[in-house]
Each structure stands twice: as structure tokens, then as C-alpha cells.
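In what follows, a structure is listed as C-alpha cells, so that the remarks can point back to it.
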2 protein chains.
Amino acid sequence: MTRLRTFAYEFPRPAVAVDCVLFGFDPEDGLRLLVIRRRQAPFADRWALPGGFVRLDADGEGGESLDDAALRELREETGANVAYLEQLYTFGAPRRDPRGRVLSVAYMALVRTRDHHVRGGDDAAEAKWTPVERSGGGKLAFDHDAIVELGVARLQAKLRYAPIGFNLLPPTFALSELQRLYEAVLQRPLDKRNFRRRILAMDLLAEAGRQEGVAHRAATLYRFDERAYARLVHAGFNFEL
Amino acid sequence: MTRLRTFAYEFPRPAVAVDCVLFGFDPEDGLRLLVIRRRQAPFADRWALPGGFVRLDADGEGGESLDDAALRELREETGANVAYLEQLYTFGAPRRDPRGRVLSVAYMALVRTRDHHVRGGDDAAEAKWTPVERSGGGKLAFDHDAIVELGVARLQAKLRYAPIGFNLLPPTFALSELQRLYEAVLQRPLDKRNFRRRILAMDLLAEAGRQEGVAHRAATLYRFDERAYARLVHAGFNFEL
DNA sequence: CCAAAAGTGTTCCGCATACACCCATGA
DNA sequence: TCATGGGTGTATGCGGAACACTTTTGG
């Protein structure tokens with residue numbers, strides 16, 4: 001295969017990639033991280049974060065935004081539909097990629113795990129959910145372990161003061177599921193009564209039916225009320241734990 | 001002037017710049033932002049944040065890190081010696097720079113204003129400190145207003161839970177100066193007694209003499225004790241307000 | 001002796017924490 | 001009727017917030 005053309009510039013430029021720390025949650029398994037097995041060199045067959053190069057227009061001037069690149073990669077490589085996306089940090093150490101100078105804009109993304117089934121995509125031979133610790137049974141490719149660490153720290157910090165946890169749960173959920181989510185992310189047990197009181201006191205959850213088909217008392221289901229939250233924020237409210 | 005060579009790649013690549021939100025503080029003036037007047041197009045003669053392109057090696061593979069690029073630009077354009085530097089966010093919207101696709105890695109930096117005198121540098125016709133609101137008497141070049149906004153938000157947030165404010169003060173300072181700094185950044189008055197008690201209770205400040213030559217009772221000067229802080233962090237301590 | 005800033009304690013209230021039992025349901 | 005998780009109230013203590021006067025120093 002021959003390249004029809006190349007792209008030339010006055011000064012050297014780095015390649016720019018996006019890499020995504022994609023979290024999922026299941027009451028059974030706890031917090032999970034999506035990793036893919038690389039198909040191509042470098043680090044062929046090694047586990048890595050989903051990601052890839054940002055696409056520019058042929059004239060090198062337009063093309064997709066960084067957020068769009070992250071969403072596209074997640075779609076292509078994992079089939080996940082993302083509920084929340086947030087830029088984390090840009091990694092740019094000179095030798096972080098053996099192919100040359102490659103910047104990586106790291107993202108954190110959250111999905112409702114039940115919504116979708118993981119599949120490998122174009123560049124990914126295989127994709128799987130792993131526990132966050134020991135991601136992929138050891139070290140990830142490139143500096144992806146550091147990126148994961150950063151993603152975990154950000155998720156833990158942000159869960160306390162922003163209502164992003166709901167993006168890891170189905171649209172309606174029981175309070176106990178929400179509590180298990182918080183416990184899994186924050187890595188410590190929470191008191192049931194205090195948790196329920198605090199969450200409900202914020203008036204952000206709307207009742208949405210009851211559980212069905214469970215072998216015990218059916219829990220009340222709730223839905224996160226985006227509108228109520230927007231109104232409260234507007235009035236100076238801050239979500240807290 | 002003719003270019004001796006150009007740099008060619010298989011796929012189009014963006015140019016990558018760093019831009020710095022540099023804060024200074026003076027008890028008289030409050031919190032200030034450093035802006036430069038651009039010498040060249042685009043946005044010639046407009047006020048902008050100090051910044052410039054990241055330098056890569058001639059082979060386009062090595063070169064300076066992003067942090068180094070930010071420090072270099074600050075040195076070149078302002079002569080400031082930076083006490084604290086932190087990456088903020090990477091801006092990459094397709095049309096944010098009229099010259100083509102340019103990513104900007106934004107940084108927040110803090111200086112001890114008394115340490116240095118502002119000067120214009122190579123690319124900056126002029127540099128000045130401005131109040132943070134109405135920076136540069138109106139709108140800054142590119143999307144720099146948005147970057148400033150982000151920098152202010154980050155500084156406000158981080159001041160509460162990390163001891164970074166000291167990087168805006170001289171090595172030794174009076175508690176009232178520290179309080180004025182907090183009030184200037186957080187934009188609200190703080191109670192003197194509560195402030196002193198909270199700060200001193202952390203055991204992070206070491207006495208360092210008294211003020212001289214003031215026309216009133218001389219205040220005790222303090223120095224931020226990095227060692228004590230490191231020890232406390234190690235023991236699970238969290239700085240808080 | 002006056003102006004200007006430094007320095008100092010106590011009270012009150014709200015909120016986070018700790019804690020244990022009854023309820024509803026399907027098997 | 002039993003196993004499983006759902007759902008509920010109170011007492012205690014700590015820490016943040018509010019608040020005003022005396023001290024020191026140079027001019």
C-alpha cells in the first residue's frame with residue numbers, strides 16, 4: 001500500500017491521541033475498567049486503554065474536536081454508549097511512545113454497563129472489563145497505568161461533590177445500588193441510614209416505581225432528576241457526598 | 001528568509017501550544033493576571049495569555065515536555081520565576097485558532113509577585129498585570145477568556161484543599177497577608193479569629209521573625225513549613241481551607 | 001495621644017456519626 | 001416460616017460560625 005501524499009509543516013509537530021479510562025459498574029462485580037488487547041505494534045497483544053489518534057481534515061486544519069475523538073474511539077473499539085465524558089489530563093513526555101513524539105489527551109468516561117455488550121472493534125482484537133486494581137492482569141501498554149491511576153483518583157474525588165455516579169447506574173435504581181456504587185468507588189463502607197437520609201434530603205431523586213421479581217421486599221426505585229438538579233445548582237446548591 | 005526544510009508526516013497533525021494563566025498577588029492590588037500584548041498576527045496588538053508552541057527535536061520525536069514548554073514561555077515572555085505550575089486543560093476545538101488546527105495545553109502558574117519585575121520578551125511587545133476581572137480591558141485573543149475563567153475556578157477550588165496559596169506570597173509573611181490573599185481569591189470576607197485559629201492549628205507555619213518598619217504593632221511573620229506538610233500528608237492529613 | 005493593625009476566647013448551633021430493630025416478599 | 005434485603009429514628013459530640021475588645025508601635 002502506498003500513501004498518496006504526506007503532510008508537511010514548517011516546524012515538527014507531535015501526533016495527538018486520545019486515551020479513555022472507561023468505567024463501568026455492576027452491583028455484583030463492583031467498579032470495572034474497560035481494557036482492549038492491542039492488535040498492532042507497538043505493544044501488540046498487550047492490554048491497553050481504548051484510544052487512538054485524533055482525526056484532522058485533509059488540510060490539517062479542521063477535523064474532530066478532542067471530545068469527539070474520544071467518543072468515536074469508544075464507539076469504534078468498545079461499542080459503549082457513553083453517559084459521561086470528562087477530560088483528565090494531557091500526557092506529553094518526550095519518550096512515552098516508542099513511535100515518536102505522541103501526546104495523549106486522557107479522558108474519563110462512564111457507562112451504564114447494563115446498556116451494552118462489549119465487543120472488540122477495528123483496532124482492538126479483544127475488549128474486556130477488569131477490576132480496577134490489577135487492570136488487565138498486570139501492566140498496561142505505554143504509560144496507561146498512570147492514566148488509570150489518575151482516572152481513579154478523579155472519579156473518587158468527583159463522586160463526592162458532583163452527581164456523576166448516576167451515569168454508572170441504569171436510569172432507575174434502588175438506593176442500595178447507589179450505596180454499593182459509592183462504597184465500591186470510595187473503597188469504604190457507608191452507613192445505610194445516613195446515606196439514605198443525605199441523598200434523599202437533597203431532593204434530587206424522583207420515585208420511579210418499585211423493583212419487581214425479587215425474592216424479598218421490593219425496593220423503591222428512583223430516577224435522578226436532572227431538572228431539579230439544574231434548578232438547585234442555579235440557586236447556589238452544591239452536591240456533597 | 002527561506003526555510004531550509006520542512007517536516008512531513010503520513011497523517012495531518014495539529015500544532016501544539018501551551019498557554020499560561022499566571023497569577024500574582026499583592027496585598028494592595030489583590031489578585032492579578034499577567035497578560036501580554038501580541039506583537040504578531042493573528043490578533044496583533046491584542047492582549048493574550050503568555051504562551052507559544054511546544055518545541056520538538058528536529059526529528060520531531062523528542063524535545064521538551066509540556067511542563068518545560070510552559071516554564072520556558074513564562075521565562076521568555078515575562079521573566080517570571082514560577083513558584084507553582086499545574087496543567088489545567090487542553091483546548092482543541094477545530095476553529096479556535098485562525099492559522100489552522102492548534103491545540104493549546106493550558107497551565108495555571110503562581111508567582112511571588114514581589115520577586116520579579118515584569119518585562120516584555122521576544123514575542124511580547126508588552127506585558128502587564130491586570131485585575132482578573134476585565135482582564136486586559138476587555139476580551140483577550142483566541143479563546144483565552146475561557147482559559148482564564150478555568151484558571152480562576154481551579155485556583156479558587158484548589159486553594160481550599162491544597163496549600164498552594166503560599167506560592168503567591170513572599171517566603172515569610174504575616175497572617176493578615178495570607179488572609180487577604182484568601183479573601184481576594186475566594187471573593188468573600190473571612191473572620192480573622194477563625195482564620196488564624198484554623199491555619200495555626202494545622203501546624204504548617206513556622207515563626208520567622210517580626211515585621212519591621214511598620215507604623216503600628218509589628219506582626220509575627222511565618223514561613224510555610226514544607227517538611228512539616230510532607231510529614232502530615234504522609235500521615236493521612238488533608239489541608240482544608 | 002492618636003491612628004492603625006495585631007492579637008486573643010467563648011458561646012451556640014447544626015450536622016455528621018454511630019447505632020438496632022421491624023417490615024415486606026417470594027420461595 | 002424462613003431467608004433476604006428494605007426501610008426507619010434518636011442521642012451525642014465535634015467543629016464551623018458569629019462576635020468585640022485590648023495591645024503594641026510609630027508618628
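For the numbers below, each heavy atom of this structure counts, side chains included, while hydrogens, waters and symmetry mates do not. Sequence lines set the chain letters: A, B, ... in the order given, protein chains first and strands last, and positions in each chain run from 1. Keep in mind that this is a model prediction, so the values were computed, not measured.
The aromatic rings of Phe91(B) and Tyr89(B) lie perpendicular to each other, with more than 60° between the two planes, well past the 30° mark.
Atom CG of Asn194(A) is separated from atom C1' of dT12(D) by 13 Å (rounded to the nearest Å). Between the CG atom of Leu221(A) and the P atom of dG6(D) there is a distance of 11 Å, rounded to whole Å. We find that CZ of Arg193(B) is positioned 8 Å from C1' of dC21(D), with the value rounded to whole Å. Atom CG of Leu186(B) is separated from atom P of dA17(D) by 12 Å (rounded to the nearest Å). Here the P atom of nucleotide dG7(D) and the CD1 atom of Ile199(A) are 14 Å apart, to the nearest Å. Per the geometry, CZ belonging to Arg197(A) stands 13 Å off P belonging to dA11(D), to the nearest Å. Protein atom CD of Glu240(B) is 15 Å distant from nucleotide atom C1' of dC14(D), rounded to whole Å. One interatomic measurement links the two molecules: CZ of Arg198(A) to C1' of dG7(D), which rounds to 18 Å at whole-angstrom precision.
Not less than 6.0 angstrom separates the ring centroid of Phe25(A) from the ring centroid of Phe23(A). Phe173(B) has its ring centre no less than 6.0 Å from the ring centre of Phe224(B). In summary, the aromatic rings of Phe195(B) and Tyr182(B) are positioned with their centroids under 6.0 Å apart.
With a heavy-atom cut-off of 4.0 Å to chain B, the contacted part of DNA chain C has its first and last nucleotide at dA4(C) to dT10(C).
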**Prompt:** Can you check side-chain hydrogen bond (donor to acceptor under 3.5 Å, both in side chains) on Thr220(B) and Arg210(B), steps first, answer last?
**Reply:** CA-CA 4 Å; Thr220(B) 303; Arg210(B) 340 204 92 236; 3.0 Å; yes
**Request:** Using the side-chain hydrogen bond (donor to acceptor under 3.5 Å, both in side chains) rule, take Ser104(B) and Asp19(B) through it: C-alpha gap first, then chi angles, then the decisive distance, then the call.
**Result:** CA-CA 6 Å; Ser104(B) 169; Asp19(B) 288 302; 2.6 Å; yes
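With respect to the salt-bridge test (charged N to carboxylate O, under 4.0 angstrom), the residues Glu86(A) and Lys158(A) qualify.
Taking the side chain of His216(B) as heavy atoms from C-beta on, and the options dG6(D), dA20(D), dT25(D), the nearest nucleotide is dT25(D).
Phosphate contact (OP1/OP2 of dG6(D), side-chain N/O of Thr220(A), threshold under 4.0 Å): absent.
Both Leu200(A) and Ala215(A) lie close to DNA chain D; mapped to their nearest nucleotides by heavy-atom distance, the more 5′-ward contact belongs to Ala215(A). A residue-by-residue look at Lys192(A) and Arg210(A) shows that Lys192(A) has its nearest nucleotide of DNA chain C further toward the 5' end.
Note on Ala219(B): only backbone sugar-phosphate atoms sit closer than 4.0 angstrom, heavy atoms only; bases stay farther off.
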